[in-house]
> 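Just dropping this structure here.
Remember, it's 1-based here, ligands and their atoms both numbered in the order they're listed.
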Amino acid sequence: MSNVAVIGAGYVGLTTAACLAHIGHNVICADIDEDKIFQLNDGKIPIHEARLSELVTEGLSNQQLKFVVGAQSAITTSDFVFLCLPTPQGEDGRADIGSVLEVVEEICHLVPPETIIINKSTVPVGTNTSIERTIQREDVYVVSNPEFLREGVAVTDFLQPDRIVIGATSSQASARVAELYDPIDAPIIAVDPASAETIKYATNSFLATKVSFVNGLAAVCEAVGADIESVTRGLGTDQRIGSRFLQPGPGWGGSCFPKDMQALVRIATDAGYEFDLLRAVIEANDQQFDRIVSKAELLLGEDLDGKNLTLLGLTFKAHTDDLRNSPALEVAKRLATQGANLTAYDPMVDSQTETLDDIRLVANIEQALDDSEMALILTEWPEFTRANWSKLIDLMDTPCLVDARNVLDRRSMIELGYRYDDLGRI
Ligand code: UGA
């Protein structure tokens, strides 16, 4: 059992802290947000993340998990310090590591000898070395250990990962970090720090490319009369490709893919390589938002100006309450520019407290569809699949439905009388 400090109680930090406590370590998690720490000590979780609340409650009650204000209060007895800090996209596309370096400067003279500082944030390649330079201590190690946590299933991803990547120059430090993860059954990929940092960008960029590829493929299916579901079934069973991340949608979004794609393009350019393939994927993703708008226009058969449209789903994917870089909001922005009146319902967006530009939020699907001239499903919430569409049709002014997540049964919807369009299905 080790003493672990986790700096940052965002979704990565909180998940890391709760899971490390769950597997037996003594964890102190710190954040500068006093209010958040107060809430967490009370067992209140600021984000919607499956199983997280249960693990935090467990950690608080068996005292293996504590929350404190400020990094300095967390690190004085630590064997390991995890940095789980935000690295937002800077104006030039580079990830901004300002808060990572700030915390490192704050704690570097205070951590006990032999402490291992572990960076989990997604950072430009070379940051591990920058942190080492900032610390300037021979008795402290710096290790890169990127996270691969999907929002919504972050706890499961932490406890049952496909792999654990550890990037270190010291093999002793690498082995100590591997030991920390001993209770977790996963292959350890022990590499140098630059490779570990690159693996994180490579993974997210490859996955985003896979999604854009399938979105493009769905467009081809529509044009040639093939069925995307049949095609992905055939494609995904090739073990070199794999069947996951082949679900067409309105484009990829969230707090990671858009930022990491831009960052890798920038990293490559800075290093003298023009990663045009990734530039094309970013462009294709933008076109996907436009494509959904064109589908809406085509299905309605007229200009969207002044039309009452319903958006079903606003979060960047289901099972999260996160609206950051949501494809649904990108589509909404474009629809609003065309003059459409937008009403939206999302099970995780509170219509009482949240306000969004150009969008009227309502509390349920019925209110959202009332007098609507067209609905667009933009997030794959199970509630939309289970909805009673044979009843809902009566609420709509014109029963037009763009299913931009392919969650409904195409034939049944057409039989019910909907003018229905989706992505690449026949
Ligand atoms: C992503 C990665 O999957 C995590 O491994 C990584 O740790 C995380 O970013 C991060 O860097 O922190 P997340 O942002 O939670 O996780 O989202 P994903 O589940 O990867 O989905 C990203 C986007 O792709 C969403 O908009 C989703 O709707 C879309 N998507 C995904 C599709 O349109 N089709 C698919 O088949 C899969």
Side-chain angles (χ1 to χ4, degrees), residues 8 10-16 47-50 52 84-89 95 119-123 145-158 160-165 196-218 228-229 231-233 235-236 241-264 281-282 284-285 288-289 291-292 313-331 346 377-381 403-407 422-424:
Y11 111 96
V12 173
L14 205 48
T15 306
T16 302
I47 49 172
H48 174 76
E49 194 58 59
L52 192 55
C84 302
L85 297 153
T87 51
Q89 187 180 320
N119 180 50
K120 263 210 176 295
S121 309
T122 304
V123 291
N145 171 222
E147 54 86 13
F148 303 98
L149 310 174
R150 286 164 301 162
E151 286 185 33
V153 283
V155 169
T156 306
D157 280 352
F158 194 99
Q160 290 150 34
D162 288 343
R163 77 307 208 183
I164 294 166
V165 173
E197 289 163 340
T198 307
I199 288 169
K200 171 61 197 251
Y201 283 114
T203 305
N204 274 3
S205 302
F206 192 85
L207 290 169
T209 303
K210 200 172 179 189
V211 173
S212 283
F213 178 83
V214 83
N215 284 338
L217 211 53
I228 189 66
E229 285 176 353
V231 172
T232 49
R233 209 164 59 239
L235 181 71
I241 297 170
S243 58
R244 292 164 73 189
F245 262 75
L246 285 179
Q247 180 63 38
W252 38 262
S255 65
C256 305
F257 279 12
K259 155 173 101 77
D260 292 353
M261 287 290 274
Q262 294 287 357
L264 185 52
V281 174
I282 295 168
N285 200 47
Q288 188 67 5
F289 307 143
R291 229 181 139 250
I292 304 302
L314 292 170
T315 54
F316 83 98
K317 62 175 185 178
H319 311 295
T320 174
D321 56 357
D322 200 342
L323 291 168
R324 287 176 292 174
N325 292 316
S326 173
L329 296 182
E330 287 292 339
V331 171
D346 185 293
I377 297 182
L378 298 170
T379 311
E380 71 284 22
W381 286 108
D403 179 359
R405 291 283 185 172
N406 283 2
V407 290
D422 53 15
L423 301 173

> My understanding is that only residues two or more places apart in sequence, or in another chain, count here; which of them pass side chain to side chain contact (heavy atoms under 4.5 Å, CB included) with Glu330?
Phe289, Lys333, Arg334

> If you look at every heavy atom in Trp252 and Ser212, which pair is closest and at what distance?
NE1-OG, 2.8 Å

> Please answer whether the main-chain N or O of Val165 pairs with a side-chain N or O of Asn145 as donor and acceptor at a distance below 3.5 Å.
yes

> Would you name the heavy atoms of Thr122 and Ala95 that are closest together and state the gap between them?
O-CB, 4.3 Å

> Note the single closest protein heavy atom to atom 10 (C) of ligand 1, along with its residue, its atom name and the distance in Å.
Cys256 SG, 2.9 Å

> Give the residue and atom name of whichever protein heavy atom lies nearest to atom 1 (C) of ligand 1, and the separation in Å to one decimal.
Phe257 CE1, 3.5 Å

> Just let me know how Thr320 lines up against ligand 1, side chain, backbone, both or neither, with a heavy-atom cut-off below 4.0 Å.
neither

> Taking atom NZ of Lys210 and atom CG of Leu217, what is their separation to the nearest 0.5 Å?
12.5 Å

> Could you see which bit of Arg324 sits under 4.0 Å from ligand 1, with heavy atoms only: side chain, backbone, both or neither?
neither

> Check each atom of ligand 1 against the heavy atoms of Lys200 and keep those under 4.0 Å away; list them by number with element.
7 (O), 10 (C), 11 (O), 12 (O)

> Can you check which of Glu147, Arg150, Gln247 brings a heavy atom nearest to atom 3 (O) of ligand 1?
Arg150

> Among all protein heavy atoms, pick the one closest to atom 7 (O) of ligand 1 and tell me residue, atom and distance.
Leu149 N, 2.8 Å

> Looking at Leu85, is its backbone amide N or carbonyl O close enough to the side chain of Ser121 to form a donor-acceptor pair, meaning the two atoms are under 3.5 Å apart?
yes

> How far is atom 2 (C) of ligand 1 from its nearest protein heavy atom, and which residue and atom name does that atom have?
Asn204 OD1, 3.5 Å

> Once salt bridge (charged side-chain N to carboxylate O under 4.0 Å, His left out) is applied, do any residues pair with Glu49, and if so which ones, sequence neighbours excluded?
none

> Taking all non-hydrogen atoms of both residues, which atom of Gln89 and which atom of Lys259 are closest, and how far apart?
OE1-CA, 3.4 Å

> What are the two closest heavy atoms between Pro146 and Lys200, and how far apart are they?
CB-CB, 3.7 Å

> Shortest non-hydrogen contact from Val281 to Ala208?
CG1-O, 4.1 Å

> For Arg244, state whether at least one heavy atom is located under 4.0 Å from any atom of ligand 1.
no

> Could you pull out the closest heavy-atom pair between Ile47 and Leu52, with the gap in Å?
CD1-CD2, 4.0 Å

> Please write down residue, atom name and distance for the protein heavy atom closest to atom 24 (O) of ligand 1.
Trp252 CB, 3.5 Å

> Mark the output for Tyr11 as yes if a heavy-atom distance to ligand 1 is under 4.0 Å, and as no if none is.
yes

> Heavy atoms only: which of Tyr201, Phe148, Phe245 lies closest to atom 20 (O) of ligand 1?
Phe245

> Quick one: look up the protein heavy atom nearest atom 21 (O) of ligand 1 and list residue, atom name and how far away it is.
Lys317 CD, 4.1 Å

> I'd like to check which ligand 1 atoms, numbered from 1 as shown, lie under 4.0 Å from a non-hydrogen atom of Arg405.
28 (O), 33 (O)

> Can you sort out which atoms of ligand 1 are near Glu151, meaning under 4.0 Å from one of its heavy atoms?
15 (O)

> Pick one of side chain, backbone, both or neither for how Val211 approaches ligand 1, counting any non-hydrogen atom pair under 4.0 Å.
side chain

> Quick one: does Phe316 get an N or O within less than 3.5 Å of an N or O on ligand 1?
yes

> Counting heavy atoms only, which of Pro248, Gly253, Ala404, Gly254 is nearest atom 23 (C) of ligand 1?
Gly253

